[in-house]
Structure formats: C-alpha cells, structure tokens
Amino acid sequence: MIMNLQQFAKVSLGFFPTPLVELPRLSKALGGPKIFMKRDDQTGLALGGNKTRKLEYLLGDAIKQGSDAIITAGAAQSNHCRQTAAAAAKLGMACHLVLGGEEPAQPTGNLLLDRIFGSHIHWAGDHRKGEDILELYDRLKACGKNPYHVPYGGSNELGALAFAEAAKELDEQCHDLSFTHIIFASSSGGTHAGLMLGKQAYGKTHQVVGIRIDKEETGEMSFDRQVLSLANRAATLAGLNHEFGAEDIILNEHYLGAGYGVMGALEEEAIAITARTEGILLDPVYTGRAMGGLFDMVRSGELVQGDRVLFWHTGGTPALFAD
Ligand SMILES: *Cc1c(COP(=O)(O)O)cnc(C)c1O
C-alpha cells in the first residue's frame, strides 16, 4: 500500500534517521527476548524526543498558513511543550504554552528549558488539558497575531502521519532485521496511531504495543477508541484505503501505577537497570514506565526467548532533572 506523505508541508527540525541499536546487556540481564531500541531521545531538537517528528509536520503546516505564533498546552514538565518552544524559536515564531497547575517557586527540568527558549507561559491551574487555549487564541488574534494551535501532545492527523513516516524510517534501517513487537509509551495517541498506520502501510507483522501512561480520560471516548479514531482519520488523510477496527489496537493498561507522573518501583527499577546495563537514560514519566512494563512482560512470560522486541525510546530525559 502506498502512502503519499510528500503532499504535506514539512519543516526540518531534527536529525533523522535516529539510531537503531541492539541492547545485548539489557537482553542478557532480563534473560528473555532480544531487545533493540529506536533512539528518538536523539532526535536532536532541544534534548530530543518523539514530538520533534510531529512538529516537523505541524509547524510545516503553521508556516504554510502564515502563522507567527504557536500555542500549545501540557503539564508543567511537558516534553511536548519544551520541544515546541525550541522549534518555534528556531523558526522565529512566538510560542505560548498553557501549562497545568501553578507556577512553581523554582523552574526545573523541562520548565526551565521552556523559559530559556523564551516561550510565554500561561498557568492554567486545574485546566490541565488545554481548556484555555481558545480564549488565548482569540486574544492573540485581537492583537493582530496569526496564531496556530498545536494540539495536546501534537496528536492530530498530521502528528500521527509523522509516526507513520517513522515506521518507514525504521523499515529502511532494519534491512534483514524484523521484530515481533514494538513497545512504547502511549499518552496522547499520535505515536500509537502512526505506528499502527505504518505497520499497515508497509505490510509488517510485528505487534504494535502501546503501554498506557495516563489513566485519566480526556474526552468522551475511551483512550483506545481515541487512538483508533486518530489512526482512521490519519489513514484517510494519507489516502490509505484501510479501516482499523478494535481488534487492531493493543493497549496495555497494567502499568498506570499511582497515576500520571508519579514514579514508583516499576519506573525506578527500569531506569536503573537500563542505565547500568546499557548506559542509556530513560525518563521517570513515560519511557521508565513503558520499559518497566516491558520488564514485567518478560518476567510474566508474555515476551519470550526468540521474540525480537523493539523498544521505541520516545525521549523525556529532561524530566529526570525536575523536582
Ligand atoms: C509525549 C510523549 C510520549 C507519548 O507520545 P504520544 O504520541 O503523546 O502518545 C511518550 N514519551 C515521551 C517522552 C513523551 O514526551
């Protein structure tokens, strides 16, 4: 099946392809399948992460529409907001971030970086998922600006297409390698939807296994339904004649712990063992939890010897330096 991504405006923000590496010492320590890693923590924009891929398409669209200001939303330690702030700076656009919660006394981690990139920060209190964006949009319009709204986590059809393209990048990098599973942290759904699309478009057989990170529902639909809907809308946009059904989505919800951003023993162990066997840093919110899930899936026999598992490192390491 052919997906035409050339038709979309895209701006270069990172360094691609990101490295694909084997993790022999981690594989040995766990004693199960061979584990590989796609290093999207090395996308090169402002300490990296998966949002760089999405922003290449989203900000490409913003430029096409003549925008001069970007608005997006997230948590105080949002990796998405940090990368958006850096991308806007690089493109000479203003960046407005609507962050949940209250301003902390000391900015740390991603928030410190948001400030260094010169973004305008609006504290939204309990409105943690961008509820105040419309009002800000109207205010900027009234000041003669031409704002562009980047959705929460960069997860709309364009953001998802960026990850379908990432699947192609992986495919071209693999040569004779093939994987039984691709495992990653799934939170706003764009990565998940895009990898589903890529699997379909390039005829792969691996399982696309999202580890759910945030147990709060954000809309009317359950999270798996949202991912499914996004995958279908992105397929339509890319001219891919395929309808995904409920049977196509794999979302593992066993590792939600005490909620979003609360580090527990699962994350702590995954971060320590990955660091001490491979010299690779994971983050406390997303990749630490997803890798902890992978460890558990090996120990419970869900992943077995003979499997070839790709862990997609989606970034987030600046949060290691957050309070
Ligand atoms: C945003 C993010 C994710 C989740 O990706 P989605 O496309 O939002 O599901 C995973 N890991 C890190 C580090 C992130 O910043």
Side-chain angles (χ1 to χ4, degrees), residues 5 8-21 37-64 67-99 107-121 148-156 158-170 173 184-185 187-188 190-191 194-195 280-283 285-287 312-322:
L5 299 176
F8 302 102
K10 185 181 168 188
V11 59
S12 172
L13 295 171
F15 303 132
F16 298 102
T18 57
L20 170 66
V21 297
M37 187 181 270
K38 180 69 169 154
R39 298 291 306 270
D40 271 12
D41 57 322
Q42 304 291 324
T43 53
L45 176 71
L47 305 181
N50 63 341
K51 304 310 182 302
T52 306
R53 293 185 184 275
K54 302 176 180 186
L55 288 165
E56 289 198 331
Y57 281 88
L58 291 161
L59 298 196
D61 189 45
I63 291 170
K64 194 169 122 194
S67 166
D68 53 8
I70 302 299
I71 309 176
T72 199
Q77 284 299 331
S78 166
N79 300 300
H80 164 66
C81 288
R82 178 245 314 159
Q83 287 168 89
T84 304
K90 177 176 162 64
L91 298 174
M93 295 169 161
C95 181
H96 292 262
L97 302 177
V98 179
L99 303 182
T108 59
N110 282 300
L111 181 58
L112 175 65
L113 302 181
D114 294 343
R115 292 214 181 283
I116 291 175
F117 289 120
S119 61
H120 305 273
I121 297 176
Y148 184 93
H149 174 198
V150 170
Y152 194 77
S155 285
N156 61 8
L158 284 176
L161 286 182
F163 258 89
E165 185 184 45
K168 180 166 183 247
E169 176 185 302
L170 174 70
Q173 212 167 22
F184 55 94
S187 178
S188 69
T191 302
L195 291 177
I280 291 174
L281 293 172
L282 300 174
D283 83 285
V285 181
Y286 297 93
T287 54
W312 204 297
H313 193 325
T314 44
T317 44
L320 284 171
F321 304 96

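Position 1 is the first residue of the sequence; numbering continues from there.
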Decide yes or no for [X] and [Y]: does some side-chain heavy atom of the first lie under 4.5 Å from some side-chain heavy atom of the second?
X    : Y    : value
V150 : K54  : no
F184 : F163 : no
D41  : L281 : no
F16  : E56  : yes

Could you report the tightest heavy-atom contact between [X] and [Y], atom names first, then the distance?
X    : Y    : answer
E169 : T18  : OE2-N, 3.0 Å
W312 : A167 : CH2-N, 4.4 Å
A69  : S67  : O-OG, 3.1 Å
C95  : A88  : CB-CB, 3.7 Å
G154 : H80  : N-CE1, 3.4 Å
L97  : A85  : CD1-CB, 4.4 Å

Exactly one candidate in T314, D40, T191 meets side chain to side chain donor-acceptor pair (under 3.5 Å) with N50; the answer is T191
Calculate, to the nearest 0.5 Å, the distance between atoms [atom1] and [atom2] belonging to [X] and [Y] respectively.
X    : Y    : atom1 : atom2 : answer
S155 : K51  : OG    : NZ    : 7.0 Å
I71  : Y148 : CD1   : OH    : 12.0 Å
K64  : K10  : NZ    : NZ    : 14.5 Å
E165 : L5   : CD    : CG    : 6.0 Å
T43  : H313 : OG1   : NE2   : 10.5 Å
M37  : I280 : CE    : CD1   : 4.5 Å

Do any side-chain atoms of residues 107-116 form donor-acceptor pairs under 3.5 angstrom with protein atoms, and if so which ones, sequence neighbours left out?
{"from": "T108", "atom 1": "OG1", "to": "D323", "atom 2": "N", "distance (Å)": "3.3"}
{"from": "N110", "atom 1": "OD1", "to": "R82", "atom 2": "NE", "distance (Å)": "2.6"}
{"from": "N110", "atom 1": "OD1", "to": "R82", "atom 2": "NH2", "distance (Å)": "3.4"}
{"from": "N110", "atom 1": "ND2", "to": "Q77", "atom 2": "O", "distance (Å)": "3.0"}
{"from": "N110", "atom 1": "ND2", "to": "N79", "atom 2": "OD1", "distance (Å)": "3.0"}
{"from": "D114", "atom 1": "OD1", "to": "R82", "atom 2": "N", "distance (Å)": "3.4"}
{"from": "R115", "atom 1": "NH2", "to": "E103", "atom 2": "OE2", "distance (Å)": "2.8"}

Side chain to side chain contact (heavy atoms under 4.5 Å, CB included) assessment of L58 paired with N156: CA-CA 9 Å; L58 291 161; N156 61 8; 3.4 Å; yes
Provide the full list of side chain to side chain donor-acceptor pair (under 3.5 Å) pairs with a residue in residues 83-96, sequence neighbours left out, each pair given once. T52-Q83, H96-H122
